[in-house]
Amino acid sequence: MTDFREIYHDGVVKRLVQFSIIWAVVGMLVGVWIAAELIWPGLDLGQFWLSFGRLRPLHTNGIIFGFGVSALMATAFYSVQRTSNVPLFMPRLAWICCYGWQVVVLAGGLSLLAGWTSTKEYAELEWPFDIAITILWVCFAVVFFGTIATRRIKPIYVSNWFYGALIIVIAMLHIVNNLALPVSLNKSYSIYAGAQDAVVQWWYGHNAVGFLLTGGFLGMLYYFLPKQANQPIWSYRLSVISFWAFTYTYIWAGPHHLHYSSVPEWVQSLAMVMSLILLAPSWATMINGIMTVSKAWRKLRVDPAMKFIVLALAFYGLATFEGPMMAIRSVNIVSHFTDWTIGHVHSGALGWNAMITYGTFYFMVPRMMGRELYSVRLANIHFWMALAGTMLYIIAMWGAGISQGLLWLSVDGIGELSYSFNDVMASMVPYYGLRLIAGIIFLIGTILMAYNLFRTMWGRHTVSVSPPDIVDEIHGTAHMPEPEPDFDGSTGREVPA
Amino acid sequence: MKYHGVTLHRKLENNIGLLIFGILFVSSIGGLVQVLPSVFQESLSTATQNSHLYTAEELTGRDVYIQEGCHVCHTQQIRPLVAEVERYGPFSRADEFVYDRPFLWGSKRTGPDLHRIGGKYSDDWHRVHLLDPRSVVNNSIMPAYPWLAENEANAMGDIQKKMRVLQTLGHPYSEEEIAAAPDEIDGLSQLDVLITYLQVLGTGLAEENR
Amino acid sequence: MLVAVLHAPGTVFKEIAAGNTRVIGAVQRLTFLFILMPPIFSWIGSTYFGWRLGSNDPLYFDTTARVIISFFYADALILGYISTVLIARWMSKTYGGGKVATEKLFALFTVVVAPLCVASASHLYPQVFFNVLILIPAVMWSMTLLYRGLPIVMNIPPERGMLMSSSLVGWLLVAFVSLLGISAALWTYGFGPSLGV
């Protein structure tokens, strides 16, 4: 059966976690900086590379591709080995993927500061980076699907469906949306123009959110939640139905970013209807998660990771409800182009993506290092800071967004506009101030986590873990990850059960 | 029915090739039915009397707009709502954008919409505003762009090559226009060409549509 | 009782958990006060000071509009209050609370919303940012009370209480954002402030 020389490749996971944490701090720091620039525009210090228009894409790309994708690769590599009972396929390629990705994000980030941009949101990087991303993404796919292909457990576990959808759909979106004719190294022109470009871009933009920030992180949820809770997923059938419904429906919703614009109305209306339908699979997953976690409440006492996951589920519920609501055309009239959208994105990004990643890291790092978390107390403080920061952020942006939407559209008795644009903009300062405070609170929490986790990892190699000897071929194992090998703090080889 | 669905899923979850195919199939339906027809819808890509082909100078200015990320805070999309038409001008039409690669509609109005900004202010106003926004707009939170006055428009890249690429993509530039392009922007600053672009924004809309 | 609720909520929670009918009754009488306070404050504020949305002149509504606004406000509060109690009752089995008497849940949520309702005095001066600034700490305070009080009243371990409280916070966030959405849609359809749409 299992070859005893086989050891899970966790070194690459550890390295990806480290990069992910660094990107989280960098990306959020940039976020805090640009939040401050919206109050004190002089903060660009007269430097072109500190200008808001260049820093903001750096913030979004740093968070999504630096923090988010590194975390997704780390957790995908970690969980796919353990749900397939086999070490990574082509581990060298996994390392290339790890470092290559960091080089692309770093160089790409710098190129954004230099003003190289395709302008398409979350796809701003110019064509040389797009090609590099495509190649690395294929490497990621080879390692991931290769591991699954060599698996020793017949059924492919739920989390891997989501990671698989992430890899496949993002590849499709990335390639189609970035088709362009290059002029020079730093300039290309999109092969689509105007309204068509808009439709393609938001098909990409919305589904990058869908399959990366939602689907990818649901993969994380489906592996780490049952592991942490030591409970099988509440309903296998629900996860099957919600997975396929999610994969089918999400794709249609993109043009709700283009309500009342110059793209054909049927495209907008269809997107609105599909956005509303999307609530069902989104919430089905949430219910599945909540029911699983509710059986494992005892863990909460000792496990700060669990708290993050619980909260992540609550904010996931909020964001996946708010999104379809804002896709309703009559609501969108008020919310479109305002800070409400920014608040919505952050209830997802801070409340869901960051929280679930933090929870996962707090779970994974001590286990990989074979040592207790450096400080549970710090992790608990981090938890409350993350909660306070997120709440404050979204409340501030609700206030700002509603005011903007209302005041821009307000007309007086004789149909004249009630407010000048400038007045409305000037009245945003207090909200932007609150948002800045919220961001700082959240950032400090993240820095605490970085310190905590780096102290935990300091001077240690990952524990060697081998696949368990007994391979359970029974179908039912598909919704229960394999039992965690006990760790007692020893650095030596874990003896399989 | 539900039972069949889960049975089918069992097949997929035991075979990675089938699973990959299944995901690809299910996720591409939306794109094929909704996005693909739009991409081939001719009315969205056919030039009309509302369409304006950017000159070499305007095109360079547009690339400055892109380089500085103006689209991050300014939209170029006026919705057909009373208040919006009153505030910004006639609502945006699809055929006004057929030469926009990429589209610059934006998603956030931190600053006002710019689709009909052309002709609303003088060149001098724009010049002062871009160099020191708060000297003309009290309370403005727009960044200043002092470096644009110093940087040459020529530094934005080979204009002839750009026009040839766009020609390949269907923009009807004549050989004379391409030949004259370098002289057109020679000696201008990035600020100059950006203002030229801003001044032409939204002015292509035919009179009867206003 | 109002003072006790704000000053020593822990004791009140314990009394509610113990089924002290005198305390529960007193808290329940507060419920009506709490539901009436925000609409009344907003009525007074909008009458005397007008709504200040941006930096322009305050917005004054006519009496009919103010009646409708206050009426809907009270309605939304009642709906939110009752639905939260019902949802808590529905959830309680999942979180090990068993059958908890509904009046205990009503009392629990009355104590929880106390800081918010008192802070709604900020509606007396209906400037949006001023209200946000006052209400945010009140929201935090109320949330703390929820996390503290729920396990006591439901008689479940704090960890399970934390899970259930988070679920309820999730519900409340959704309910609040629905309110925003419904308002936005109503404005678009011509109710409330006049919009040029």
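Every chain is numbered from 1, with letters handed out A, B, ... down the list of sequences.
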Which portion of [X] sits near chain B, non-hydrogen atoms under 4.5 angstrom:
{"X": "A:V176", "value": "neither"}
{"X": "A:A171", "value": "neither"}
{"X": "A:D339", "value": "both"}
{"X": "A:I342", "value": "side chain"}
{"X": "A:Y432", "value": "side chain"}
{"X": "A:Y250", "value": "neither"}
{"X": "A:T338", "value": "backbone"}
{"X": "A:E416", "value": "both"}
{"X": "A:T341", "value": "neither"}
{"X": "A:I167", "value": "neither"}

- Item | Note: B:E84-B:R109 ion pair, threshold 4.0 Å (strictly below) | yes
- Between A:D197 and A:K120, does at least one N-O distance fall below 4.0 Å, as a salt bridge requires? yes
Counting only heavy atoms closer than 4.5 Å, note whether [X] contacts chain A via side chain, backbone, both or neither.
{"X": "B:E96", "answer": "neither"}
{"X": "B:L148", "answer": "neither"}
{"X": "B:M142", "answer": "backbone"}
{"X": "B:V33", "answer": "both"}
{"X": "B:R164", "answer": "neither"}
{"X": "B:L81", "answer": "side chain"}
{"X": "B:V165", "answer": "both"}

Quick one: which of [options] has the most heavy-atom pairs under 4.5 Å with chain B, could you say?
{"options": "A:G164, A:S261, A:S184", "result": "A:S261"}
{"options": "A:S262, A:A114, A:G53", "result": "A:S262"}
{"options": "A:P57, A:G42, A:P255", "result": "A:P255"}
{"options": "A:G115, A:G415, A:A253, A:A193", "result": "A:A193"}
{"options": "A:W244, A:F52, A:W408", "result": "A:W244"}
{"options": "A:G194, A:G46, A:A195", "result": "A:G194"}

- Message: For A:V411 versus B:E86, what's the shortest heavy-atom pair and its separation?
- Response: CG1-OE1, 4.4 Å
- Task: Of all the heavy-atom pairs spanning B:L198 and B:L130, show the shortest one and how long it is.
- Result: CD1-CD1, 4.5 Å
Give a yes or no answer on whether the side chain of [X] reaches the backbone of [Y] with a donor-acceptor pair at less than 3.5 Å.
{"X": "B:Y54", "Y": "B:G61", "result": "no"}
{"X": "A:S269", "Y": "A:W266", "result": "no"}
{"X": "B:Q160", "Y": "B:P182", "result": "no"}
{"X": "B:E177", "Y": "B:T55", "result": "no"}
{"X": "B:R93", "Y": "B:F91", "result": "yes"}
{"X": "B:R116", "Y": "B:Y88", "result": "no"}
{"X": "A:R56", "Y": "A:H59", "result": "no"}

If we define contacts as heavy-atom pairs under 4.5 Å, which of [options] has the most with chain A?
{"options": "B:T110, B:D158, B:L36", "result": "B:T110"}
{"options": "B:D100, B:I23, B:V72, B:L24", "result": "B:I23"}
{"options": "B:I78, B:D95, B:D63, B:L12", "result": "B:D63"}
{"options": "B:A94, B:S92, B:S107, B:P143", "result": "B:S107"}
{"options": "B:C73, B:A83, B:P37, B:G69", "result": "B:A83"}
{"options": "B:W105, B:F40, B:F25, B:F97", "result": "B:W105"}

- Could you check whether the rings of A:W202 and A:H257 sit parallel, tilted or perpendicular, using 30° and 60° as the cut-offs? parallel
- Message: Over 60° means perpendicular and under 30° means parallel, so tell me whether B:Y65 and B:H71 are parallel, tilted or perpendicular.
- Response: tilted
- What is the distance from atom CD of B:E184 to atom CG of B:L59, rounded to the nearest 0.5 Å? 10.0 Å
- Message: Going by side chain to side chain donor-acceptor pair (under 3.5 Å), name the residues that satisfy it together with B:H74, two or more places apart in sequence or in a different chain.
- Response: none
- With sequence neighbours left out, the residues meeting side chain to side chain donor-acceptor pair (under 3.5 Å) with B:E68 are A:R54, B:W147
- Under 3.5 Å side-chain donor-acceptor pair for B:D113 and B:Q77: no
